[in-house]
Enquirer: 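Before we start, here is the structure in question, set down as structure tokens.
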Amino acid sequence: MPVELFNTLTGRKEVFRPAGDVVSMYVCGLTPKNHPHIGHAWLFVSVDVMRRYLEFSGYQVKHVQNFTDVDDKIIEAGHRDGIPPEEAAARYIESYWKGMDALNVLRPTVTPYATRFIPQIVRMIGELIAQGYAYQADGDVYYRVTRFPEYGKLSGNTLERLAAGARVEVGEHKENPNDFALWKAAKPGEPSWESPWSAGRPGWHIECSTMIREVLGDTIDVHWGGRDLIFPHHENEIAQSEAATGKKPFVRLWMHVGLMQTGSEKMAHSLGNFVTIHDMIGEFGADVLRMYLVSEHYRTPVTFSIEYIGRAKERLKRLQAAVRNLAFLNEQAAARPSPGETFATGKLADALRDQADSSLAAFREAMDDDLTTPRAIAAVEALAKQINTTNDEVAHDPSLATEELLPGLHYAGDVFGQLCRVLGLDLSLEKAGAETSGLTDDVIQDKVNERNAARQRKDFASADRIRSELAEAGVTIEDRPQGTIWYRA
RNA sequence: GGCGACGUGGCCAAGUGGUAAGGCGGGGGUCUGCAAAACCCCUAUGCAGCGGUUCGAAUCCGCUCGUCGCCUCCA
């Protein structure tokens, strides 16, 4: 089954066919002007899931994602924070990495910074001027949209229709209201670079065109961004790149994530209605946040709500239980040699294998169909349920856990692990342990032993007291027929 | 005004012609000293409304109502 993905340019799902052996993928990254919010996380997690799934499916991906580290908003951020613009950019880039690492988002293969490509940007603008696609006016340089007949093809517009809207103001120097700046002359005190036209800085769109060309080439396989970038940003990138290189298409597959909504409007720094990644990770943990984001389809405009994150937390519990149960069952089964083939244990092992196979198939089918993660998660949950059911069977009859169960456990565990990794859910036990508080393993084990002694002598008051003390320290206890296990959660 | 997305149970969410996945919540069980977790069972004659096409539509077409995004910085 081929992977099919929705292409904004054609408005339909298309079979994914990268041009070469390595998928070239560019993502419009951040303009680091503030701490990244949940809407940003929604984009980057979606990209990450796609990348992980492509890699899982045997592709190699060259993932390039930029920082536009020079921009009017960054200059403003510098004023706001009382630091130079470069420092503001560095601060928010750092904040970005911190959030992404926590969310288990793979780092891009290459991360170009706009400010490190100024000579190449200047050269590309020069080419556009030489070819008549751009003109200078009083130190600024503008793109001449009327020279590019296909202007509007990504957003479904034409120049006539855009003109009908007439909400774009005609700049003093523009020939056409839809012309956009390639180079802006600096005002006093603003960061600037020398160019043939003025000391100034690049306009907003040109840096992406230049960096893509320099790092990936004239035509790339995939370009990602938020829906709000379709017009004018990505429209302008097409106009710049296809004009300058003369090669079409600039991008074979345009992908856009739906916008995160707060209440009934889009979440945005400029609207002041944003919730930062950092705050949500602090409150719920990164895995829960990732689970929440992945449980929505990437093209849907999702409404942000604390309540929904709470649901993701509940959902994640089943998966985490499966990880614990796998470890527990493996331990139990390995410790007991098989007395020879037994019908009941064989049936358990078969059920694990069967569910792993069908979950894997369902997962692939869902992901092949434009990365339908909500359905993919259902497949993972079905496998988790089978693992947990096995645990229940063994709880009722401990003698079922013999070496004969091991192959089924290993197979199911392997598939379960792979699928979770594609979704970027990191459910490892080590990590769960590392995240929490004060008590050492030995101290906890002592308390558990102490509690069990109390239970033995039917001193349930003491037993319950110890249990709630542990609970307050973030340690959960499960009493099983084979003994008590504990974990930090 | 132009372009586009969308409207499925209390809530979230799959489902592009064949008779409504999954999750949260709720109810009932199993297990437990009691819990917790897990597991099992139940929880939409109906998919915004009205027409139409079809043997058959949540799924296709038309109209109506409603929500959101873009057209200005924005992931």
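Basis for what follows: all heavy atoms, side chains included, without hydrogens, waters or symmetry-related copies. Just so it is clear, the model here is predicted, and its values are computed rather than measured. So you know, we letter chains A, B, ... as the sequences are listed, proteins then strands, and number each from 1.
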Enquirer: Report yes if at least one side-chain N or O of A:Lys33 is closer than 4.0 Å to OP1 or OP2 of B:A75; otherwise report no.
Expert: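 Yes, because at least one side-chain N or O of A:Lys33 sits under 4.0 Å from OP1 or OP2 of B:A75.
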
Enquirer: Determine the Euclidean distance between corresponding P atoms of B:U67 and B:G25; express it in Å to zero decimal places.
Expert: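 It comes out at 31 Å once rounded to the nearest Å.
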
Enquirer: Mind checking what makes side-chain contact (heavy atoms from CB on, under 4.5 Å) contact with A:Arg299, not counting sequence neighbours?
Expert: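 A:Arg299 satisfies side-chain contact (heavy atoms from CB on, under 4.5 Å) with A:Phe6, A:Lys13, A:His297, A:Asp370 only.
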
Enquirer: Taking protein heavy atoms under 4.0 Å as touching, what does nucleotides 29-34 of chain B look like 5' to 3' if B marks base contact, S marks sugar-phosphate-only contact and - marks none?
Expert: -SS-BB

Enquirer: Given that both pair distances must be under 3.5 Å and the pair must be Watson-Crick or G-U, what runs of three or more consecutive pairs involve RNA chain B?
Expert: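 For RNA chain B the paired stretches long enough to count as stems (3 pairs minimum) are B:1-7 with B:65-71, B:10-12 with B:22-24, B:25-30 with B:38-43, B:48-52 with B:60-64.
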
Enquirer: Could you give the CG-to-C1' distance, from A:Leu259 to B:A5, as a whole number of Å?
Expert: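 In whole Å, B:A5 C1' lies 10 Å from A:Leu259 CG.
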
Enquirer: So what does A:Gly39 hit on the nucleic acid, given a heavy-atom distance under 4.0 Å: a base, only sugar-phosphate, or nothing?
Expert: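 Base: the residue A:Gly39, judged by heavy atoms under 4.0 Å, touches a nucleobase.
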
Enquirer: For residues 375-386 of chain A, tabulate all N or O donor-acceptor pairs below 3.5 Å that involve a side-chain atom, not counting sequence neighbours.
Expert:
unit_1: A:Arg375; atom_1: NH2; unit_2: A:Asp369; atom_2: OD2; d: 3.0
unit_1: A:Glu381; atom_1: OE1; unit_2: A:Arg315; atom_2: NH2; d: 3.1
unit_1: A:Glu381; atom_1: OE2; unit_2: A:Arg315; atom_2: NE; d: 2.7

Enquirer: Give each protein N/O atom lying under 3.5 Å from an N/O atom of nucleotides 12-14 of chain B, with the pair distance.
Expert:
unit_1: B:C12; atom_1: O4'; unit_2: A:Arg311; atom_2: NH1; d: 2.7
unit_1: B:A13; atom_1: OP1; unit_2: A:Glu296; atom_2: OE1; d: 3.3
unit_1: B:A14; atom_1: O2'; unit_2: A:Arg375; atom_2: NE; d: 3.1

Enquirer: Using a cut-off of under 3.5 Å, enumerate the N/O to N/O pairs linking the protein to nucleotides 41-44 of chain B.
Expert:
none

Enquirer: So what does A:Ser270 touch, heavy atoms closer than 4.0 Å: a base, only the sugar-phosphate, or nothing?
Expert: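 Base, at least one base heavy atom under 4.0 Å.
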
Enquirer: Checking all strands, does A:Glu314 fall into the base, sugar-phosphate, or nothing category for heavy-atom contacts under 4.0 angstrom?
Expert: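 Touches sugar-phosphate only.
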
Enquirer: Just to be sure I understand the rule, does A:Gly152 reach a base, reach only the sugar-phosphate, or reach nothing, if contact means heavy atoms closer than 4.0 Å?
Expert: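 No contact.
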
Enquirer: Would you indicate what A:Glu393 reaches in the nucleic acid, counting non-hydrogen atoms under 4.0 angstrom: base, sugar-phosphate, or nothing?
Expert: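 The residue A:Glu393 makes no contact with any strand.
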
Enquirer: B:C70 phosphate, OP1 or OP2: any side-chain N/O from A:Lys266 under 4.0 angstrom?
Expert: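 Checking B:C70 against A:Lys266, a side-chain N or O does come within under 4.0 Å of OP1 or OP2.
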
